[in-house]
Amino acid sequence: MAAAPSNAVTLTYHPSSTTTRLFPLPPPPKPFSSLLPKTPLHITFSKNNPISDFFPTPKEPTNQDTIYDEDENDKPREECGVVGIYGDPEASRLCYLALHALQHRGQEGAGIVAVHDSILQSVTGVGLVSEVFNESKLSKLPGELAIGHVRYSTAGSSMLKNVQPFVAGYRFGSVGVAHNGNLVNYQSLRSELEENGSIFNTSSDTEAVLHLIAISKARPFFLRIVEACEKLEGAYSMVFLTEDKLVAVRDPYGFRPLVMGRRSNGAVVFASETCALDLIEATYEREVYPGEVLVVDKEGVRSLCLMPHPEPKSCIFEHIYFSLPNSVVFGKSVYESRRAFGEILATEAPVDCDVVIAVPDSGVVAALGYAAKAGVAFQQGLIRSHYVGRTFIEPSQKIRDFGVKLKLSPVKAVLEGKRVVVVDDSIVRGTTSSKIVRLIKEAGAKEVHMRIASPPIIASCYYGVDTPSPEELISNRMNVEEIRKFIGSDSLAFLPIDSLKKLLGGDSKNFCYACFTGNYPVEPTGKVKRVGDFLDDGLSGSMESIDGGWLKGTGDGDGVDVEKLEWKEEIKFSS
């Protein structure tokens, strides 16, 4: 066996289990039960603010617009991005900017919750960050503590939007939460909660988390989060806030990313990607470790181990498609990963060509890598329009490939009479790829060779990515040659999964490849999210029902003295 790197840390969680990590994970704390009060405590919901009040019954969808989901949904979609800020007098405005940087992770809804004078104040809405917020709304969110969220909807054809963060009140105060991920045991959790008297008004898995927190008898608040998370299975990177604390949690497998940074004034920032830290001038410090709970308050930053860590299974698609190229995700540069994917394609699937182009924007970096390795010029053969929204009015006379033509325009001067290599990040249903090939050939290309910077997608994701059912995935029912004929290209090649793992080296075992293999680190149980289901990590209902929902906190009540707890890590604020 190869020796561990010199900076590796060996952690022992059980007497018989020793694991070597490439980054230091916090050792386990005392058993959770030792932190609980000896006498069981009874928790009830606030009379004026039952948790169900914040989950109104969904209204019927309207059909005011035509939505071109056929093309828009022909990619896996990361469903949301989260951000949390503690200790900055302009926390909500920094949240707003950070959400701008995370806009690619969700474009259909946005929200911010801030704390001022122990009151949790929220502004949420449908649309882009710049459409939801203005100076007037941000002025309603003073305070040094805030969390934010951007999201996609699960069912693209519905006008019902599930917007986070959402806020709920219970006996001991108020809590806001923003969640990225998906719980695979949601159905069984909900059934158990309902049997014990909980009332649900949505199919949101985040609502289940709030119920678990509300019925927990642990003290203080962050231990309720720990107790709730011990019952969750699947993917979750979450930020919570109370009247005086910011809490960040990442599931033990580390499916979805979450990083921590710090501004020059000492303010602590959590975000889904480092690009959000860059925009608001926060210095990247580290990832939130898989299975870690980080609590930020006036005492500083403290770390608890949620539970013993299995082998991390971070989502490889963050490097293939979801994250921005300028981000560092799971400790690796996204730009360098994508460039290397393109170089592998050029080495293992070469073809005689005159020009290399990309399907913008996600295929650009891989195309640059392919072109450099192949020694062929990279050119901009497809121009992407950045002014196309999610809705449009289609002309009465049907125009073929209308949705793709709205977004992509071929450059004849680059394509005409050329043998063209087209690099894209993935193929899902194959409908968009076939239209792109046709578009390029109609522009005069002599040959079109598709190169895909990921392995074939054969299985659905249940860990926070919106993917079609397996029956809708073209690679699940066709081999490569059949797909080539379907999309009409002269040749087609995917990134071999073995080559992908070889590139990742010793870290390859720390990534999830379920969408390429069908082997799930955490098996989904019961009904899980697919395109068209309303199971989601958001709030079903009208925006007006929660916009400006302000709750006055009542404090944490009697319980464990925080100062007597044994913290695993304590980082004081900069003076």
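This is a predicted model, so every value here is computed, not measured.
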*Asks:* Nearest 0.5 Å please: distance from the OG atom of Ser272 over to the CG atom of Leu99.
*Replies:* 9.5 Å
*Asks:* Please step through side chain to side chain contact (heavy atoms under 4.5 Å, CB included) for the pair Leu294 and Val268, ending with a clear verdict.
*Replies:* CA-CA 11 Å; Leu294 281 168; Val268 175; over 6 Å; no
*Asks:* Determine, stepwise, if the pair Val209 / Leu183 fulfils side chain to side chain contact (heavy atoms under 4.5 Å, CB included).
*Replies:* CA-CA 10 Å; Val209 177; Leu183 306 180; 3.9 Å; yes
*Asks:* Taking Asn180's backbone N and O only, do any of them form a donor-acceptor pair with Ser237's side chain (distance below 3.5 Å, no angle check)?
*Replies:* no
*Asks:* Using 4.0 Å as the upper bound for N to carboxylate O, is an ion pair formed by Glu90 and Arg263?
*Replies:* no
*Asks:* Between Glu285 and Arg262 (side chain of the first, backbone of the second, donor and acceptor by atom type, cut-off under 3.5 Å), is there such a pair?
*Replies:* no
*Asks:* Step by step, work out the side chain to side chain contact (heavy atoms under 4.5 Å, CB included) result for Asp507 and Lys332.
*Replies:* CA-CA 10 Å; Asp507 290 337; Lys332 295 178 179 292; 3.2 Å; yes
*Asks:* Are side-chain heavy atoms of Val150 and Gln107 found at a separation under 4.5 Å?
*Replies:* no
*Asks:* Would one find more than 12 heavy atoms of other residues, nucleotides or ligands at under 6.0 Å from atom CD of Glu131?
*Replies:* yes
*Asks:* So, for Leu258 and Ala248, which heavy atoms are closest and what is the spacing to 0.1 Å?
*Replies:* CD2-CB, 4.0 Å
*Asks:* Can a donor-acceptor pair be found, under 3.5 Å and without considering hydrogens, that links the side chain of His179 to the backbone of Tyr236?
*Replies:* no
*Asks:* Would Lys231 and Glu192 count as a salt bridge (charged side-chain N to carboxylate O under 4.0 Å, His left out) here? Give the steps.
*Replies:* CA-CA 11 Å; Lys231 299 176 183 177; Glu192 181 181 345; 5.5 Å; no
*Asks:* Measure from the side-chain N and O atoms of Thr274 to the backbone N and O of Val328, and report whether any donor-acceptor pair falls under 3.5 Å.
*Replies:* yes
*Asks:* Indicate yes or no: at least one non-hydrogen side-chain atom of Tyr253 is less than 4.5 angstrom from one of Cys512.
*Replies:* no
*Asks:* For the CD1 atom of Ile213 and the CZ atom of Phe221, what is their distance to the nearest 0.5 Å?
*Replies:* 5.0 Å
*Asks:* Indicate yes or no for a side-chain donor-acceptor contact from Arg224 to the backbone of Ala218 under 3.5 Å, with no hydrogens or angles considered.
*Replies:* yes
*Asks:* Which heavy atom in Asn265 sits nearest to a heavy atom in Pro89, and how many Å separate them?
*Replies:* ND2-CD, 4.3 Å
*Asks:* Assign the ring pair Tyr520 / Tyr462 to parallel, tilted or perpendicular, where the plane angle (0 to 90°) is split at 30° and 60°.
*Replies:* tilted
*Asks:* Does any N or O in the side chain of Tyr86 come within less than 3.5 Å of the main-chain N or O of Lys298, such that one atom is a donor and the other an acceptor?
*Replies:* yes
*Asks:* Nearest 0.5 Å please: distance from the CG atom of Leu141 over to the CD1 atom of Ile112.
*Replies:* 6.0 Å
*Asks:* Would you give the length of the straight line joining atom OG of Ser327 to atom CG of Asp278, rounded to the nearest 0.5 angstrom?
*Replies:* 7.0 Å
*Asks:* With respect to Leu94, which candidate in Leu279, Val269, Ile280 satisfies the side chain to side chain contact (heavy atoms under 4.5 Å, CB included) definition?
*Replies:* Ile280
*Asks:* Under a 4.5 Å cut-off applied to non-hydrogen side-chain atoms, are Pro220 and Lys245 in contact?
*Replies:* no
*Asks:* Under 3.5 Å, side chain of Asp425 to main-chain N/O of Ser362, donor-acceptor pair present?
*Replies:* no
*Asks:* Taking all heavy atoms of Cys515 and all of Phe317, pick out the closest pair and write down the distance.
*Replies:* SG-CD1, 3.8 Å
*Asks:* Do Leu232 and Asp251 come close enough that some side-chain heavy atom pair is under 4.5 Å?
*Replies:* no
*Asks:* Compare all side-chain heavy atoms of Phe270 with those of Val296 and state whether any distance is below 4.5 angstrom.
*Replies:* yes
*Asks:* Would you say Val465 and Arg256 make side-chain contact, with heavy atoms under 4.5 Å?
*Replies:* yes
*Asks:* Rounded at 0.5 Å granularity, tell me how far OG in Ser92 sits from CG in Leu97.
*Replies:* 10.0 Å
*Asks:* If you compare all heavy atoms of Ala178 against all heavy atoms of His149, which two are closest, and at what distance to 0.1 Å?
*Replies:* CB-CD2, 3.8 Å
*Asks:* Are any of the side-chain heavy atoms of Leu212 and Leu189 separated by less than 4.5 Å?
*Replies:* yes
*Asks:* Which heavy-atom pair separates Leu210 from Ala168 by the least distance, and what is that distance?
*Replies:* CD1-CB, 4.4 Å
*Asks:* Hey, does Val129 have a side-chain heavy atom less than 4.5 Å from the side chain of Tyr96?
*Replies:* yes
*Asks:* Run the salt-bridge test on Arg105 and Glu318 with the 4.0 Å N-O cut-off and return the result as yes or no.
*Replies:* yes
*Asks:* Mind telling me whether Phe511 and Tyr513 have parallel, tilted or perpendicular rings, with 30° and 60° as the class edges?
*Replies:* tilted
*Asks:* Would you say Arg250's side chain and Val288's backbone share a donor-acceptor pair under 3.5 angstrom?
*Replies:* yes
*Asks:* Does Arg338 reach the main-chain N or O of His319 with its side chain, forming a donor-acceptor pair under 3.5 Å?
*Replies:* yes
*Asks:* Of the non-hydrogen atoms in Gln121 and His116, which two are nearest, and what is the gap between them?
*Replies:* NE2-CB, 3.2 Å
*Asks:* Can you tell me how far apart CD1 (Ile215) and OG (Ser198) are? Round to the nearest 0.5 Å.
*Replies:* 5.5 Å
*Asks:* Less than 6.0 angstrom from the centroid, inside 45 degrees of the normal: does Arg190 satisfy that with respect to the ring of Tyr186?
*Replies:* no
*Asks:* Any chance you could lay out the side chain to side chain contact (heavy atoms under 4.5 Å, CB included) test for Val126 and Glu108, step after step, and finish with the verdict?
*Replies:* CA-CA 6 Å; Val126 174; Glu108 295 184 358; 5.6 Å; no
*Asks:* Ignoring hydrogens and angles, tell me if any N or O in the side chain of Asp297 forms a donor-acceptor pair with the backbone of Asp244 under 3.5 Å.
*Replies:* no
